[in-house]
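Shown next, in structure tokens, is the structure this report addresses.
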Amino acid sequence: INGPTYADGIVLVGLSNGRIQAFNADTLESLWLYTDPLGGQPNCPITVSDGYAYTGFWNSEIKNASFVCISLTDEDPGEEKEAKAPTWRYVQKGGFYWAYVCRDYVLVGTDDGKSGYTSKTANVLLLDPMSGKLLDSMTGFAGDIRSTICYDKATNAFYFDSKGSYFYRVRVQKD
């Protein structure tokens, strides 16, 4: 569904059944393979920040799915399909699509855990990028949030739309 991501000499590819595979960009040799225990479609583009990859999966409107942080480090260079463990996982019903990642936080929209376009149960989550701890959340968005979350420096706001045909703006304030 999404194209590969390049960062730090590594190409990251989302595969079916909740897998992310890393390849050496010069040789295309496999470095490691992450397999999420919940599986799922890799619908969320892989975003890289400070040596970590962030991405999410989708299983259905009503099943649990994971959003993960994975270190780019190849802990076992001799093993081409090294089973990679996540740095952290965040799990909830529905699934994850696009995220905005920076040094201070990960901002990610979610499916709402229900079918249809009008239920007001989709979330925007604010996660700590190093621990996955939920820092804050907003709910009440109509329909699944399946768009890129874009940041506009001029307004200091994030913009996205939902499957319910709504256009939203949110702001993150530091304490």
Side-chain angles (χ1 to χ4, degrees), residues 1-59 65-92 94-111 123-137 144-154 156-161 170 172 174:
I1 292 176
N2 292 299
T5 298
Y6 172 84
D8 303 332
I10 296 173
V11 175
L12 300 160
V13 180
L15 304 171
S16 64
N17 300 318
R19 297 174 298 150
I20 303 296
Q21 191 162 8
F23 297 91
N24 178 303
D26 292 328
T27 65
L28 296 183
E29 292 177 358
S30 177
L31 301 173
W32 49 259
L33 178 67
Y34 170 74
T35 303
D36 193 80
L38 297 176
Q41 296 175 352
N43 290 356
C44 188
I46 302 166
T47 303
V48 175
S49 179
D50 293 329
Y52 292 88
Y54 300 85
T55 194
F57 302 98
W58 182 87
N59 282 316
S66 301
F67 188 86
V68 297
C69 170
I70 307 166
S71 168
L72 295 181
T73 303
D74 183 9
E75 286 89 1
D76 187 357
E79 177 57 46
E80 288 187 358
K81 291 190 180 173
E82 166 188 341
K84 186 72 166 178
T87 301
W88 55 260
R89 287 176 57 230
Y90 186 90
V91 176
Q92 79 162 46
F96 303 91
Y97 282 79
W98 287 270
Y100 176 88
V101 179
C102 67
R103 187 174 302 262
D104 296 325
Y105 51 82
V106 175
L107 190 67
V108 62
T110 72
D111 264 16
N123 302 302
V124 172
L125 307 175
L126 189 70
L127 304 172
D128 180 275
M130 296 311 295
S131 69
K133 177 184 174 190
L134 181 64
L135 301 173
D136 203 355
S137 66
D144 303 325
I145 299 171
R146 293 185 173 179
S147 75
T148 298
I149 295 178
C150 300
Y151 176 69
D152 177 39
K153 189 175 183 178
N156 192 33
F158 295 90
Y159 297 88
F160 56 91
D161 62 6
V170 298
V172 174
K174 289 187 177 183

Query raised in the report: In Å, rounded to the nearest 0.5 Å, how long is the span from OG of S71 to OH of Y34?
Result: 13.5 Å

Requested in this report: Name all pairs fulfilling the ring pair (Phe, Tyr, Trp, His ring centres under 6.0 Å) condition that reach into residues 65-90, sequence neighbours left out, sorted by first residue then second.
Outcome: F67-F96

Report summary line: One should read off an interatomic distance between I20 CD1 and T55 OG1, to the nearest 0.5 angstrom, of 5.0 Å

Requested in this report: Using atom types as modelled and distance alone, determine if a side-chain donor or acceptor of K84 lies under 3.5 Å from a backbone N or O of E75.
Outcome: no

Requested in this report: Could you tell me the separation between the OG atom of S49 and the OH atom of Y100, rounded to the nearest 0.5 Å?
Outcome: 9.0 Å

Requested in this report: Measure up the Y151 and F158 rings against each other and bin them: parallel (under 30°), tilted (30 to 60°), perpendicular (over 60°).
Outcome: tilted

Requested in this report: May I have the step-by-step check of side-chain contact (heavy atoms from CB on, under 4.5 Å) for L134 and L127, ending in yes or no?
Outcome: CA-CA 5 Å; L134 181 64; L127 304 172; 3.8 Å; yes

**Report entry** Step-by-step side-chain contact (heavy atoms from CB on, under 4.5 Å) determination, Y6 to V48
**Finding:** CA-CA 8 Å; Y6 172 84; V48 175; over 6 Å; no

Requested in this report: Taking all non-hydrogen atoms of both residues into account, name the closest pair between A99 and V106 and its distance.
Outcome: CB-CG1, 4.2 Å

Report task. Without swapping roles, check the side chain of D8 against the backbone of I10 for a donor-acceptor pair under 3.5 Å. Result -> no

Report summary line: Correct closest heavy-atom pair for A85 and I70 would be O-CG2, 4.4 Å

Requested in this report: Test V124 against L107 for side-chain contact (heavy atoms from CB on, under 4.5 Å), laying out the working first.
Outcome: CA-CA 7 Å; V124 172; L107 190 67; 3.4 Å; yes

Requested in this report: Would you check, one step at a time, whether the test side-chain contact (heavy atoms from CB on, under 4.5 Å) holds for L72 with L31?
Outcome: CA-CA 9 Å; L72 295 181; L31 301 173; over 6 Å; no

**Report entry** Contact summary for V108 and W98, nearest pair of heavy atoms
**Finding:** CG2-O, 3.5 Å

Report summary line: Paired with S30, the side-chain hydrogen bond (donor to acceptor under 3.5 Å, both in side chains) test is passed by just one of E79, Q21, E80, namely Q21

Report task. Return yes if some donor-acceptor pair links the side-chain N/O of N59 with the main-chain N/O of G40 below 3.5 Å, else return no. Result -> yes

**Report entry** Distance-only polar pair, side chains of S147 and D161, donor-acceptor under 3.5 Å
**Finding:** yes

Query raised in the report: So how far is it from Y97 OH to D111 CG, rounded to the nearest 0.5 Å?
Result: 4.5 Å

Query - Shortest non-hydrogen separation from I149 to G109 and the atoms involved - result: CD1-N, 3.5 Å

Query raised in the report: Quick check: does any side chain N or O of T5 sit under 3.5 Å from a backbone N or O of I46, one acting as donor and the other as acceptor?
Result: yes

Query raised in the report: Does the S66 side chain pair with the main chain of V68, one donor and one acceptor, at a distance under 3.5 Å?
Result: no

Query raised in the report: With no hydrogens and no angle check, is any side-chain donor or acceptor of N2 less than 3.5 Å from a backbone partner on N43?
Result: yes

Query - Which atom of S137 lies closest to which atom of L125, heavy atoms considered - result: CB-CD2, 3.8 Å

Query raised in the report: Roughly how far apart are R89 CZ and F57 CZ, rounded to 0.5 Å?
Result: 9.5 Å

Requested in this report: Might you point out which heavy atoms bring G94 and A65 nearest each other, and give the distance in Å?
Outcome: O-CB, 3.4 Å

Requested in this report: Could you tell me whether the side chain of N24 reaches within less than 4.5 Å of the side chain of D74, counting heavy atoms only?
Outcome: no

Report summary line: Separation between OG1 (T35) and CG (N17), nearest 0.5 Å, reads 8.5 Å

